[in-house]
Amino acid sequence: MAQDYMFRRALREVGPGSEGVRGLSGSCPGCSPLELRVERTGSRCRENPPLPPVPGAQPFPILTQPSPVPDASACPCRGLRRYHDSWHLPILTRPQMLPASPVYFNSTEKHNEEKVTSVFTPVTAEIISLDTENIDDILNNADVALVNFYADWCRFSQMLHPIFEEASNVIKEEYPNANQVVFARVDCDQHSDIAQRYRISKYPTLKLFRNGMMMKREYRGQRSVKALADYIRQQKSDPIQELHDLAEITTPDRSKRNIIGYFEQKDSENYRVFERVANILHDDCAFLAAFGVVSKPERYSGDNIVYKPPGHSAPDMVYLGSMTNFDGTYNWIQDKCVPLVREITFENGEELTEEGLPFLILFHMKEDTESLEIFQNEVARQLISEKGTINFLHADCDKFRHPLLHIQKTPADCPVIAIDSFRHMYVFGDFRDVLIPGKLKQFVFDLHSGKLHREFHHGPDPTDTAPGEEVQDVASSPPESSFQKLAPSEYRYTLLRDRDEL
């Protein structure tokens, strides 16, 4: 028996190449999201066999890309053809294209008749366009702002636009207040001064701001509505774990860097500064806080902040500065949360390579903490003045076997120290030589002076040969950079260094 039913589907999270949805399917990167209510009269439910095809219609194809409608010229993306059952059913895709009266899609048989009874357009959140006049005011007044730095000619930027807009719509429903979350964009062709200010080197670039302060880590995750919305939800979650018993302090994860604040009350300037710092550095440290009676045993000299480093042997450190001074508190906690020697992983490799500094890397087995501690101590002792010219890193030998092969090493040879200049890789001598005063520092200086590169191609410098010894030009080819492959990909970004602009 024929049944009537209502079919309603919100066309959300659409993007180029997305799979079609049942009933009404397809994707349109240039069109606004649209929700249709379709009423079928005298037809069968989907669980029953499909309706017979319209005479002369094409069979239902397997879609990997949207199929355009030739005559839908009003749509900026040249329209879509959406499919229903086994026959083609073109659906108008923008609200302004729909006639005021009901639309009928007729076939030669009456039971195939369908009509669009109503149209529902989701509430659209405005994407704020930033320029030199409004950028500081808007970002400074936003709790969280996600800014899309784009160029109209960049195909990746074009693909991101509808996803970014729909993610804004989703988040706006959850955080309706104007300054809770702001989605904004900067046309970098029109505002090159802003692009230079924030060192934009690729399109699109998604940067996060908190109360006007740009976060060091930009968004590098999946470009989908769900992923963007989840990212913002994570940024809006409370970064501080409240302690209800001081016994909990004895059981924190000591593999992490823990920052613990002890406060008389939550509604205080001291805690507000602590909370602001936690919002910025929560990816680098675990933040905990205790209040009132719970925190009293630790507040013998007033509110205070304690740093508990990883491991069980290192002593705790107490912040002695003013807790109402944001800059002082932030700098102290950042120094504790962001170590001088950072671990490189496949997750943060793109971020680290984009900093543009050569890598001084210790390859070590994960359980070999002794070699790591020696390396950390010698870097702090010999190379602290080089912090802004080279990145000090350590890497798991098992995970980074491929770079080791580039320098003719295996995990069995670890620990190994090497430099990756993003052109070539250079190997330090025996690991034990790192304990020789000045040896590691000279290795880095030889990189900056070009000596490492010259010696790899032409043998030792004449100044390094004994008197009377014949100087030979020993041609060699140093291994190519391995970590350069972790840099931003041309299959995901338009890289400005490859264009005439730079």
Side-chain angles (χ1 to χ4, degrees), residues 13-19 27 29 64-65 146-167 185-189 192 195-196 198-208 214-232 234 283 342-359 361 363 390-391 393 395-396 398-407 418-425 479-502:
E13 302 192 28
V14 295
S18 63
E19 295 182 2
S27 59
T64 56
Q65 293 290 334
L146 187 62
V147 181
N148 176 17
F149 293 85
Y150 73 97
D152 278 333
W153 46 262
C154 166
R155 65 189 179 99
F156 300 109
S157 295
Q158 296 167 5
M159 294 164 66
L160 178 61
H161 282 324
I163 297 170
F164 193 72
E165 291 173 0
E166 183 61 11
R185 58 190 171 198
V186 175
D187 184 334
C188 294
D189 279 345
S192 58
Q196 291 174 5
Y198 294 108
R199 299 181 181 181
I200 303 303
S201 61
K202 63 189 185 307
Y203 302 137
T205 294
L206 296 177
K207 287 190 176 290
L208 185 76
M214 184 181 74
M215 300 296 96
K216 184 176 181 180
R217 288 187 176 91
E218 65 186 57
Y219 177 79
R220 299 176 187 271
Q222 182 183 2
R223 292 173 187 162
S224 70
V225 173
K226 183 180 185 302
L228 285 170
D230 287 346
Y231 173 71
I232 294 298
Q234 181 186 20
D283 288 333
R342 294 176 286 176
E343 181 178 11
I344 184 169
T345 64
F346 291 112
E347 288 72 26
N348 67 4
E350 181 180 283
E351 173 190 336
L352 291 172
T353 56
E354 199 172 10
E355 290 180 11
L357 299 177
F359 291 171
I361 311 174
F363 295 92
I390 192 166
N391 270 325
L393 307 170
D396 186 331
D398 281 329
K399 291 182 179 178
F400 287 92
R401 289 171 177 263
H402 185 69
L404 284 173
L405 290 175
H406 268 248
I407 54 177
I419 285 177
D420 192 318
S421 70
F422 297 152
R423 292 180 61 193
H424 299 295
M425 292 188 72
E480 293 184 356
S481 168
S482 181
F483 286 91
Q484 177 64 26
K485 297 179 177 64
L486 296 180
S489 169
E490 62 182 3
Y491 298 105
R492 180 173 167 83
Y493 302 99
T494 299
L495 307 176
L496 294 188
R497 64 173 176 268
D498 293 334
R499 297 183 57 83
D500 296 334
E501 282 85 339
L502 296 183

Smallest separation among heavy atoms of Glu490 and Leu495, with atom names:
N-CD1, 4.2 Å

Are the charged groups of Glu218 and Arg199 less than 4.0 angstrom apart, N to O?
no

From Ile200 CD1 over to Thr205 OG1, what is the distance, rounded to the nearest 0.5 angstrom?
4.5 Å

Can you see which heavy atom on Ile407 is nearest to which on Ala418, and at what distance?
CD1-CB, 4.1 Å

In short, Thr353 meets Pro488 closest at the heavy-atom pair OG1-CD, 4.1 Å

Do the non-hydrogen side-chain atoms of Tyr150 and Phe156 ever get within less than 4.5 Å of each other?
no

For Trp153 and Asp189: C-alpha separation, side-chain torsions, deciding distance, then whether side chain to side chain contact (heavy atoms under 4.5 Å, CB included) applies.
CA-CA 9 Å; Trp153 46 262; Asp189 279 345; 2.6 Å; yes

Any chance you could measure His406, atom NE2, to Met425, atom CE, to the nearest 0.5 Å?
8.0 Å

Taking the side chain as everything from C-beta on, heavy atoms only, tell me whether Pro403 gets closer than 4.5 Å to Phe363.
yes

Give the C-alpha distance, both sets of side-chain angles, the deciding distance and a yes or no for side chain to side chain contact (heavy atoms under 4.5 Å, CB included) between Asn148 and Leu206.
CA-CA 5 Å; Asn148 176 17; Leu206 296 177; 3.5 Å; yes

Counting only N and O atoms by type, is there a donor-acceptor contact under 3.5 Å from the side chain of Asp230 to the main-chain atoms of Ala227?
no

Within 45 degrees of the ring normal and closer than 6.0 Å to the centroid, is that where the cationic atom of Arg223 sits relative to Tyr493?
yes

Any donor-acceptor pair under 3.5 Å linking the side chain of Asn348 with the backbone of Glu343?
yes

Here the gap from Ile344 atom CD1 to Phe359 atom CZ, rounded to the nearest 0.5 Å, amounts to 4.5 Å

Is there side-chain contact between Glu166 and Leu228, with at least one heavy-atom pair below 4.5 Å?
no

How long is the straight-line distance from OG1 of Thr494 back to NZ of Lys202, given to the nearest 0.5 Å?
11.0 Å

Hey, what do you get for CD1 (Ile419) to CG (Asn391), rounding to the nearest 0.5 Å?
12.0 Å

Could you tell me whether Glu354 and Arg220 have a side-chain N and a carboxylate O separated by less than 4.0 Å?
yes

Give, for atom OG of Ser421 and atom CG of Leu357, the distance between the pair rounded to the nearest 0.5 Å.
12.5 Å

Salt bridge (Lys or Arg N to Asp or Glu O under 4.0 Å) assessment of Arg342 paired with Glu351:
CA-CA 12 Å; Arg342 294 176 286 176; Glu351 173 190 336; 5.0 Å; no

Smallest heavy-atom separation, Pro358 atom then Ile390 atom, equals O-CG1, 3.1 Å

Please tell me if the side chains of Leu208 and Tyr231 come closer than 4.5 Å, counting only heavy atoms from C-beta onward.
yes

